[in-house]
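Below you'll find the structure, written out as structure tokens, and then a few comments.
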Amino acid sequence: MPIHNADIIRIFEEIADLLEIQQANTFRIRAYRNAARTLQSMDKDVAVLVEQHADLTQLPTIGKDLAAKIEEIVHTGQCQALTKLRQQLPASLPELLKIPGLGPKRVHALYHELDIHTPEQLLRAARDGRILALHGFGQKTVDALVRSIESHIRQKPRLKLAEAAHYAKPLAHYLQQHPGVDEVTIAGSYRRGKDTVGDIDLLVSAADSQPVMAHFTHYDEVAKVQSSGRTRASVVLKCGLQVDLRVVAKPSFGAALHYFTGSRSHNIELRRRAQQRGLKLNEYGVFRGDTQVAGATEDSVFKAVGLPWIPPELRENQGEIAAAEAGELPNLIELRHLQGDLHAHTRASDGHASLETMAAVAKQKGLRYLAITEHSQRLTVTHGLNAEQLRRQIDQINALNDTLEGITLLKGIEVDILEDGSLDLPDEVLGQLDLVIAAIHSKFHLSRQLQTERIIRAMQRPHFSILAHPTGRLLEQRDAYDVDMPRVIREARQRGCYLELNAHPERLDLLDTHCRMAKAEGVLISINSDAHHPNDFDNLTYGIGQARRGWLEKEDVLNTRSLRQVKRLLTQTL
DNA sequence: GCCGTTTTCGGCCCGACTGTTTTCAGTCG
């Protein structure tokens, strides 16, 4: 069983949690967390370095001790240090740390004073008054704990980015209406374009914060005010979404925007960098001693620490700071760069509009070409097309193209990849098309090896052009199927075919990390709407966000090419 | 436990809010 970075990260985080509960030296705890972050930001498994007998202490935050622990884990799958800790403390204790309002100190007290180590025991002790008797626990704390255990047991799912937008935008608009407000920005993971968000962070620039706070907490959708101070407030909306607001004055807006956009790990890195330069970076600005030297704009903050502005989507501490330092930040793709869309449906299968409507709306959105790619016969619930129906659609599109101006329809299919890796329509039919998108819609639970080989066999079919929604995940609904994506990407490079980044907000599939891998291998990505309705072309925005998180530039994307270039690139795969 | 353009010891990211206690600890982002 190969050891992945994620395995080591889990071990280090658990060690850190247990040490925290033991009240060990905080900097020793932080060392484990820093190391976990380092592993997180690596683009390959550290196990590979171990096999090559590389010196792990060359990695930042990894010293002699942690290097030895990493080697131990890679070789044995175990870590003695963790085993020892687990003998000293119940394994369920770290779970308690996840309950809002419970940190290491309180977990320590609960365990040592009352022998509590599960949420259920905690709930019982809260209700029968035992916790109230502990030093430092008052009635309000106990009440808050009961509430958060109950909601912890329920486990709120994260919101998909598009859903979050549905709540965040009207709220931002509402805040903007207040006369004392200069500027409102939605920050946090939303601004970084993450596929799902856990809460909404809003930043407001205003000279006087108090009236804005009041305005915020009186928003009609607010169900509960969790906290509300002079510069910061936190509420829960009726839909269950938590919203944090921060109000700052203009000279601090850029620093606050940077701070509240995150990620946490990026922020820590940047503050450390400031510190190395004799500066202090916080949400109010960049300071030398007591003098503010930057902070009104994000640009000024980055400049003060010797860097160019880094786009929010890259701020994950995944190498963006080093890239910025070296002047090698990618020139990220933008929506306007897309010249076409290579995946759309009409009423002929499970779409909701005609060929004509889809073409007209695509043109109105500024696209120059649109591929019509219905489902194939196997997918009966979608009225997938058989060979004869597909031939008829080919004729229809040919005829329609003669009348269209400013946009061209491409003839395609979203053909099912069958269990054995064959395609759901015969080669001679597929050969008549401009492109063949192939997708898995069944047998999601094959083993990693079988699933990977299934996809690779499909890619080797003579007319295969693009692998649609390559991992098959549906956000918060269905996990990705188990597939060796690096191998699929290498195969795509050899075969000369392409991968889709499906822009549907429920899919956003390829993942950002895979986009980066594909870019490194020189495999072009097609950012497609998978439109089933004319409105769905707007989903391309989300695809672009995801592509930006994957460091993609205009040149890395197939459908930024002109119609002529795309046709040539698609022909190469046929 | 890590690290060094103040380098082998003495630092380590930073501030807001709440609740409990009465000057601050704990938690969170």
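By convention in this document, chain letters (A, B, ...) are assigned in the order of the sequence lines, proteins followed by strands, and residues within each chain are numbered from 1. Just so you know, these numbers use all the heavy atoms, side chains as well, and skip hydrogens, waters and symmetry mates. If you're wondering where the values come from, they're calculated on a predicted model, not measured in any experiment.
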* Asked: When you compare B:dT7 with B:dC12, how far apart are their C1' atoms, in angstrom units rounded to a whole number?
  -> 15 Å
* Asked: Side-chain contact, heavy-atom cut-off 4.5 Å: A:Y167 with A:L159?
  -> yes
* Is the phosphate of B:dG26, meaning OP1 or OP2, less than 4.0 Å from a side-chain N or O of A:K105? -> yes
* Whole-Å gap separating P (B:dG11) and NZ (A:K280) -> 17 Å
* Asked: Taking the nucleotide of DNA chain B with the closest heavy atom to each, which residue, A:L66 or A:E283, is nearer the 5' end?
  -> A:L66
* Asked: Among B:dG15, B:dT27, B:dC12, which is the nearest nucleotide to the side chain of A:P104?
  -> B:dT27
* A:Q276 CD to B:dC3 C1', straight-line distance once rounded to whole Å -> 10 Å
* Quick check, are the ring centers of A:H258 and A:F302 under 6.0 angstrom apart? -> yes
* Under 30°, 30 to 60°, or over 60°: which ring-plane class applies to A:H215 and A:H178, parallel, tilted or perpendicular? -> tilted
* Asked: Between B:dT20 and A:T141, is there an OP1 or OP2 to side-chain N/O distance shorter than 4.0 Å?
  -> yes
* Give one of base, sugar-phosphate or nothing for A:R106, where a contact means two heavy atoms less than 4.0 Å apart. => sugar-phosphate
* Asked: Can you check whether A:S227 reaches A:R232 side chain to side chain, under 4.5 Å on heavy atoms?
  -> no
* To do: Would you mind reading off the distance between A:L145 atom CG and B:dT20 atom C1', rounded to a whole angstrom?
  => 14 Å
* Do NZ/NE/NH1/NH2 and the carboxylate oxygens of A:E298 and A:R315 come within less than 4.0 Å? -> yes
* Asked: Looking at B:dG1, B:dT20, B:dG29, which one has an atom nearest to any side-chain atom of A:N25?
  -> B:dG1
* Asked: Which part of the nucleic acid, if any, lies within reach of A:R264 when heavy atoms closer than 4.0 Å are counted: base, sugar-phosphate only, or nothing?
  -> base
* To do: Check the distance between B:dG4's P and A:I62's CD1 and give it to me in whole angstrom.
  => 13 Å
* Closest-nucleotide ordering on DNA chain B, the 5'-leading residue of A:Q275 and A:M213 -> A:Q275
* **Rounded distance in Å - CD (A:Q139) to P (B:dT18)** => 19 Å
* Are A:L110 and A:L102 close enough that some pair of their side-chain heavy atoms sits under 4.5 Å apart? -> yes
* Asked: Does A:T231 make a side-chain N or O approach to OP1 or OP2 of B:dC17 shorter than 4.0 Å?
  -> yes
* Asked: Is the base of B:dG15 touched by the side chain of A:Y259 through a donor-acceptor pair closer than 3.5 angstrom?
  -> no
* Structure fact -> Pairing partner of B:dG10, by Watson-Crick or G-U wobble and under 3.5 Å for both distances, is B:dC3
* Asked: Roughly, in whole Å, what's the span from CZ in A:F137 to C1' in B:dT27?
  -> 11 Å
* To do: Take atom CZ of A:R273 and atom P of B:dC3, then tell me their distance rounded to the nearest Å.
  => 17 Å
* Structure fact -> In whole angstroms, the gap separating P of B:dG1 from CG of A:L18 amounts to 14 Å
* To do: Would you please confirm or rule out a distance under 4.0 Å between OP1 or OP2 of B:dG1 and any side-chain N or O of A:R28?
  => yes
